[in-house]
Amino acid sequence: MQRITFFMFLIMIFPLSYSQEMNEMWGEQISGLNVQDAGRGQLFRDGNYAMFIHWGLYSQIANEWKGKTYYGIGEWIMNKNMANIPVKEYMEVAKDFNPVKFDAEGIVQLAKDAGMKYIIITSKHHDGFSMYHSKVNMFNIVDATPFARDPMKELAQACKNAGLGFGFYYSHNQDWTNPEGTIMPEESVDDPASFESYFKYKCLPQVEEITTQYGRIELVWFDTPGRISREKVQQLVDIVRKNQPQAYISGRVGHGLGDYTTLGDMEVPVRNHDGIWETVDVTNDSWGYAWYDQNWKNPKEILMRLISTVARGGTYMLNIGPKPDGSIPEQAAYSLRKSGEWIHRYPQVVYGTDASPWQHALPWGDITVKDKKLFLSVYEWPASGKIYLPGLQTDIVSVEILAGKKRSKLKFSKEQGWTILELPCIPPEELVSVVELTLKDKAKVETTQAIDPYMPLILPADFAETKNCRKNKKQWMEKFGEWKHVMQIDQWKEGSAAIWEINFKEAGDYMVELTYSGKGKLVWTIESETGTKIQNQQNSSAIYHTFPFGWLNIGKSGKQKITVTLQEGDRNAVSLMSLKLKKVN
Ligand code: JFZ
């Protein structure tokens, strides 16, 4: 407790890298990629979009315990870092848990309306409470609450009726209410003996239950492996394979024995990722329902995060947290339905598509691919009336803008490796408009980051080459358990440099900004290969902040390197996140 609290304090005053601490508390995140070998690839290829549901006894508490609100992920409410609820008191809450508004068919209909292809729900989270009728442990929703129904039976059946996939989350290593104890990573003294008995008498039989009593399931989403042994993970995997040979096993089962990788929570990566992977995300900030949490993603944000995850090569699973009465928060349902209407108009953009050959998002949106077709999802409608597409080397057959099923041809031209598409003044869609390019062949693309004369370009540290400093992935918690991830450049020394290669459509002056955190005043130099250099002093702050540095002249169009160096200031404290350019017109 003490270490973690001090640690969080450090994060607040200065964000530092602490993946080690994260690993201790949340468990390592490795996974093999066995899916294709085992022929279990279908689900992720066809349905790139899934519903995640965090629902449990914690939903009843909703982040308010004894009159006090605790801010952070709701399903951790009993943990020491949140309300620190004694097991006995937590178990008492079951007597009040009566989610009579739970409506399995309603949830399944929502998932369908949202365009989601399968549902994964918490059968047992870290709190140890089973949301299904477990025969081996009485602390479950049928035996311990006035509700006395098995909502998982209802949901599994409703999914089957509607043709949606179904699967379970199961917390295997953490179980906080089990009297036999569990291996809590932050506990100083482990008691392997008691974990053995939990594992044998609760964990294994429960995994047997969830894989035999709910019909076919598509996935078992194990989580937070902590320091569980390889042998135990293998036992769990064996049970799933025996009972549900087609089911995926999440990478967070541990020891590389899962089928695919889950990226850090709530993370849409900026570069394409190989292999089979998913991003898990939240409709607001907390997985489990928290009464205060109104930070809903709007329909457009959901579409952008879904499309960009698919464009990076992944699968997107988006969480909802039902309320104490079992109903779905209205705002989450609204955003899901609204974004779902769009997906039903443009299913070809999301389902069964491949990652963007550009390998990253573009200033106005993102691209997914199917054979010789490119789908350009335009998040930001260019005020110039043109989309500047860099680096496309394949010949174009046609360019069309879609308005639902209607399509109209767009004019396009080629200029020094750029393809310029002429847009109508008004976008056909309010959220995201789609332009479809049909090519003569599969797309061949030069992937260098490129800037057109009108749209700003933001280059994250991921794309920089570093000299004498370090690219480091930083992860921190915003509220408790709310993970943020960013690549940044630190360990600056004299002579260190961050270098970005950029393809400029036009020569001219560009406004330059840097986003960083640090301490005190800093002097930076930003140089182009063909023009001027800027040198200027700016302030810094402990949290990331964007500072303008001035106009940088670019002497000629085409590819060149921009070099950023730190001249003066507290080098140790500096963490550079991104470079931004925008042409002066
Ligand atoms: C875990 C759980 O602790 C949490 O309650 C929730 O269920 C979430 C989906 O998964 O939290 C994690 C696990 C791994 C990482 C971050 C949060 N990670 O590796 O970045």
Side-chain angles (χ1 to χ4, degrees), residues 4 8 11 17-31 50-59 61 63 70-83 119-129 131 167-177 182-186 219-228 250-256 258 260-269 273 277-290 293 314-322 473-487:
I4 301 282
M8 286 171 69
I11 299 154
S17 165
Y18 61 99
S19 26
Q20 204 186 327
E21 274 78 0
M22 185 175 82
N23 281 344
E24 272 178 38
M25 189 147 161
W26 259 272
E28 63 195 308
Q29 260 247 80
I30 37 162
S31 117
M51 177 181 275
F52 207 6
I53 304 178
H54 275 67
W55 191 37
L57 204 47
Y58 43 81
S59 313
I61 299 168
N63 285 45
Y70 294 83
Y71 299 91
I73 50 176
E75 70 281 7
W76 278 65
I77 190 70
M78 77 177 293
N79 185 261
K80 295 165 185 172
N81 298 285
M82 295 283 282
I119 297 179
I120 306 300
I121 187 164
T122 44
S123 58
K124 185 204 79 173
H125 207 270
H126 309 333
D127 67 351
F129 181 73
M131 288 296 285
F168 284 120
Y169 172 109
Y170 188 86
S171 173
H172 56 319
N173 177 55
Q174 298 199 60
D175 191 306
W176 303 333
T177 41
T182 178
I183 297 184
M184 270 293 284
E186 71 255 41
L219 203 158
V220 183
W221 215 91
F222 293 102
D223 195 10
T224 66
R227 279 179 278 163
I228 195 169
S250 65
R252 288 187 189 169
V253 72
H255 294 284
Y260 68 91
T261 313
T262 300
L263 300 192
D265 293 14
M266 311 165 188
E267 181 189 14
V268 178
H273 260 256
W277 58 273
E278 79 185 344
T279 278
V280 288
D281 205 3
V282 269
T283 35
N284 47 350
D285 288 332
S286 172
W287 303 92
Y289 178 74
D293 186 358
T315 282
Y316 189 65
M317 181 152 76
L318 182 57
N319 181 75
I320 53 172
K473 188 162 180 185
K474 194 149 60 171
Q475 337 214 34
W476 72 94
M477 287 190 235
E478 209 66 63
K479 292 192 279 293
F480 178 77
E482 192 187 319
W483 290 100
K484 303 284 150 158
H485 318 255
V486 73
M487 190 70 87

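All ligand and atom numbering here is 1-based and tracks the order in the structure. Numbers for residues simply follow the sequence, beginning at 1. These numbers come from the heavy atoms of this one structure, side chains and all, not from hydrogens, waters or symmetry mates.
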- Where on Arg252 is there a heavy atom closer than 4.0 Å to ligand 1, on the side chain, on the backbone, on both, or on neither?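 Side chain only.
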
- Query: How would you list, by chain and number, every residue that makes a side chain to side chain contact (heavy atoms under 4.5 Å, CB included) with Tyr71, sequence neighbours excluded?
  - Reply: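 With neighbours one apart ignored, the set is Thr69, Tyr292, Lys479.
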
- Message: Going by side chain to side chain contact (heavy atoms under 4.5 Å, CB included), name the residues that satisfy it together with Glu267, two or more places apart in sequence or in a different chain.
- Response: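 For Glu267 the side chain to side chain contact (heavy atoms under 4.5 Å, CB included) partners, ignoring immediate neighbours, are Leu263, Lys473, His485.
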
- Query: Is there a heavy atom of His125 sitting under 4.0 angstrom from any atom of ligand 1?
  - Reply: yes

- Item | Pair Met317-Thr262, side chain to side chain contact (heavy atoms under 4.5 Å, CB included): steps then yes or no | CA-CA 10 Å; Met317 181 152 76; Thr262 300; over 6 Å; no

- Looking only at distances, please establish whether an N/O atom of ligand 1 is found under 3.5 Å from an N/O atom of Asp223. yes

- Query: Any N or O of Thr224 that comes nearer than 3.5 Å to an N or O of ligand 1?
  - Reply: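 Between Thr224 and ligand 1 (N or O atoms, distance only) the closest approach is not under 3.5 Å.
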
Number the atoms of ligand 1 from 1 as they appear, then name those within less than 4.0 Å of a heavy atom of [X], with their elements.
| X | result |
| --- | --- |
| Trp483 | 16 (C), 17 (C) |
| His126 | 2 (C), 3 (O) |
| Tyr169 | 7 (O) |
| Trp76 | 2 (C), 3 (O), 4 (C), 5 (O) |

- Message: Against His125, only a single residue in Trp76, Trp55, Tyr169 fulfils ring pair (Phe, Tyr, Trp, His ring centres under 6.0 Å); can you say which?
- Response: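 By the ring pair (Phe, Tyr, Trp, His ring centres under 6.0 Å) criterion, His125 pairs with just one of Trp76, Trp55, Tyr169: Tyr169.
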
- Task: Would you kindly say whether Thr122 and His54 are connected by a side-chain donor-acceptor distance under 3.5 Å?
- Result: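 No, no side-chain donor-acceptor contact under 3.5 Å.
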
- Selection from Glu482, Met477, His54, Glu75 by shortest heavy-atom distance to atom 4 (C) of ligand 1: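 Residue with the shortest heavy-atom distance to the ligand atom: Glu75.
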
- Query: Is there a side chain to side chain contact (heavy atoms under 4.5 Å, CB included) between Met477 and Trp483 once you walk through the steps?
  - Reply: CA-CA 5 Å; Met477 287 190 235; Trp483 290 100; 3.8 Å; yes

- Query: Does any non-hydrogen side-chain atom of Asp127 lie less than 4.5 Å from one of Glu75?
  - Reply: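 When only atoms from C-beta onward are counted, Asp127 and Glu75 do not touch, as no gap falls below 4.5 Å.
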
